[in-house]
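To start, the structure under review is shown below, and the notes come after it.
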Amino acid sequence: MRKKIVAGNWKMNMDYNEGLALFSEILNMIKDEVTGQQQAVVCSPFIHLHSLAQLAKGYDKVAIGAQNAHQNESGAFTGETSAKMIKSTGAAYVILGHSERRQYFGENNELLAKKTDTVLANGLKPIFCIGETLEEREAEKHFDVIKTQLAEGLYHLSAEQFGQVVIAYEPVWAIGTGKTATSDQAQEIHAFIRAELTAKYGLEVADDTTILYGGSANPKNAPELFAQPDIDGGLIGGASLKSRDFLDIVKVFN
Ligand code: PEP
């Protein structure tokens with residue numbers, strides 16, 4: 001049975017103290033309210049990682065993630081953070097290829113393939129984001145875009161390595177816009193992704209892969225999205241900054 005995951009992406013929000021306060025609220029609620037087998041992942045800015053990982057000790061339903069990692073192991077890359085550093089904080093996941101990184105920092109599939117290797121080599125799990133822009137959807141290129149992002153970013157991995165990867169389908173037109181993909185639109189792409197993975201890695205690996213939906217998910221629309229057979233949870237931006245909303249989304253799987 002593949003893992004159900006709800007991951008929060010705080011983006012560049014929350015100073016150190018605000019982040020600790022929000023995370024403490026989340027932990028308290030999880031302790032009292034989460035009864036299912038799902039995993040909550042909180043992907044914070046780097047400055048919070050170590051403290052959050054310390055607070056999360058003993059909570060098996062909560063893991064910590066970063067939002068980016070450098071492709072090199074170490075060296076003269078001023079201002080960057082390596083996968084080894086992230087691992088040393090106690091974090092377990094790293095978001096890679098978020099559309100904001102692709103758009104504002106020029107990250108392409110080739111670079112993301114390297115980042116994926118470094119993240120995996122350091123014992124971290126990538127949450128690998130893929131998704132089409134509005135123009136690409138309107139031009140009916142969305143399936144091709146997804147196929148290329150998967151192939152160029154991930155298909156150099158062995159089946160064993162791929163087993164560590166979580167996929168997040170995030171239509172760019174739905175991120176932070178309040179426009180959610182309908183559950184049918186999301187399910188159509190998730191089923192397509194799983195079929196592509198089946199062709200590349202076989203049925204067992206594809207069946208075990210957690211595929212998250214991201215894009216204006218909230219406590220109201222999450223139940224219908226997560227009821228789809230190929231949607232295994234969510235990557236949540238805005239709603240992850242409110243403890244009640246985030247928990248209500250995590251609890252969809254209770
Ligand atoms: C995201 O940033 O990954 C995201 C899905 O954002 P939002 O939920 O705010 O659309």
Side-chain angles (χ1 to χ4, degrees), residues 4-14 18-19 22-23 26 38-46 48-49 63-69 91-107 112 115-116 119 125-134 136-137 142 145-146 149-150 153 165-183 185-187 189-190 193 210-226 228 230-253:
K4 305 291 186 192
I5 295 175
V6 175
N9 173 14
W10 288 2
K11 311 195 187 193
M12 196 174 73
N13 293 297
M14 298 284 141
E18 289 166 348
L22 171 61
F23 190 67
I26 290 171
Q38 66 271 34
Q39 170 104 75
V41 180
V42 171
C43 299
S44 72
F46 293 127
H48 302 103
L49 291 176
I64 308 302
Q67 300 170 16
N68 181 31
Y93 289 85
V94 182
I95 297 174
L96 289 179
H98 191 281
S99 62
E100 288 151 16
R101 302 277 333 157
R102 292 177 187 260
Q103 186 182 347
Y104 303 131
F105 301 94
E107 297 196 358
L112 293 168
K115 290 191 174 205
T116 302
V119 160
K125 293 177 198 289
I127 300 176
F128 194 90
C129 302
I130 55 178
E132 80 285 357
T133 62
L134 185 59
E136 288 163 344
R137 180 161 277 263
H142 41 298
V145 169
I146 299 291
Q149 288 173 333
L150 285 172
V165 176
V166 173
I167 304 279
Y169 168 59
E170 299 208 306
V172 180
W173 47 271
I175 298 179
T177 58
K179 246 190 207 174
T180 323
T182 65
S183 53
Q185 279 173 323
Q187 167 58 25
I189 299 280
H190 282 234
I193 293 168
T210 299
I211 308 177
L212 309 180
Y213 167 79
S216 300
N218 59 43
K220 279 212 177 90
N221 58 31
E224 190 183 330
L225 285 161
F226 296 0
Q228 302 304 311
D230 289 295
I231 301 183
D232 307 310
L235 180 54
I236 317 297
S240 74
L241 296 171
K242 293 185 194 128
S243 53
R244 183 71 271 157
D245 285 359
F246 183 60
L247 248 289
D248 285 347
I249 300 172
V250 174
K251 280 168 61 184
V252 169
F253 290 115

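Each ligand, and each atom within it, is numbered from 1 in the order the structure gives. Only heavy atoms go into these numbers, but all of them, side chains included; no hydrogens, no water, no symmetry mates. This one's a predicted model, so the numbers in the text were calculated from it and none came from an experiment.
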Contact atoms of ligand 1, heavy-atom distance to [X] under 4.0 Å:
X: Ser216; result: 7 (P), 8 (O), 10 (O)
X: Gly215; result: 5 (C), 10 (O)
X: Ala174; result: 10 (O)
X: Asn9; result: 1 (C), 2 (O), 3 (O)

| Heavy atom of Ala239 under 4.0 Å from ligand 1? | no
So, does Cys129 sit close enough to ligand 1 that a heavy atom of it is under 4.0 Å from the ligand?
->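 No, Cys129 has no heavy atoms under 4.0 Å from ligand 1.
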Which residue supplies the protein heavy atom nearest to [atom], what is that atom called, and how far is it?
atom: atom 1 (C) of ligand 1; value: His98 NE2, 3.2 Å
atom: atom 9 (O) of ligand 1; value: Gly238 N, 2.8 Å
atom: atom 8 (O) of ligand 1; value: Gly237 N, 2.9 Å
atom: atom 3 (O) of ligand 1; value: Glu170 OE2, 2.7 Å

**Asked** Is atom CD of Glu136 surrounded by more than 12 heavy atoms (other residues, nucleotides or ligands) closer than 6.0 Å?
**Response** yes
[X] to ligand 1: N or O pair under 3.5 Å?
X: Gly176; result: yes
X: Glu100; result: no
X: Leu235; result: no
X: Thr177; result: no

In Leu212, Ile130, Ile175, the residue satisfying side chain to side chain contact (heavy atoms under 4.5 Å, CB included) with Glu170 is Ile175
| side chain to side chain contact (heavy atoms under 4.5 Å, CB included) with Asn9: which of Val41, Leu235, Ile127, Ile236? |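 Checked Val41, Leu235, Ile127, Ile236 against Asn9; only one passes side chain to side chain contact (heavy atoms under 4.5 Å, CB included): Leu235.
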*Hey, can you tell me if Tyr213 and His190 have their rings parallel, tilted or perpendicular (30° and 60° cut-offs)?*
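The arrangement is tilted - the two ring planes meet at 30° to 60°.
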- Test item: Arg102 side-chain N/O and Cys129 main-chain N/O as donor-acceptor pair under 3.5 Å: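 Yes, because the side chain of Arg102 sits within donor-acceptor range (under 3.5 Å) of the backbone of Cys129.
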Tightest non-hydrogen contact, residues Phe23 and Ile64, listed as CZ-CD1, 3.5 Å
Looking only at heavy atoms, the pair that brings Leu49 and Ala66 closest together is CD1-CB, 3.9 Å
- Task: With the side chain counted from C-beta on, respond yes when Ser243 and Leu22 share a heavy-atom pair under 4.5 Å apart, and no when they do not.
- Result: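 With C-beta onward as the side chain, the pair touches.
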*asked:* Glu132 and side chain to side chain donor-acceptor pair (under 3.5 Å): which single residue from Arg137, His142, Gln149 fits?
replied: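 That would be Arg137; it is the only one of Arg137, His142, Gln149 passing the side chain to side chain donor-acceptor pair (under 3.5 Å) with Glu132.
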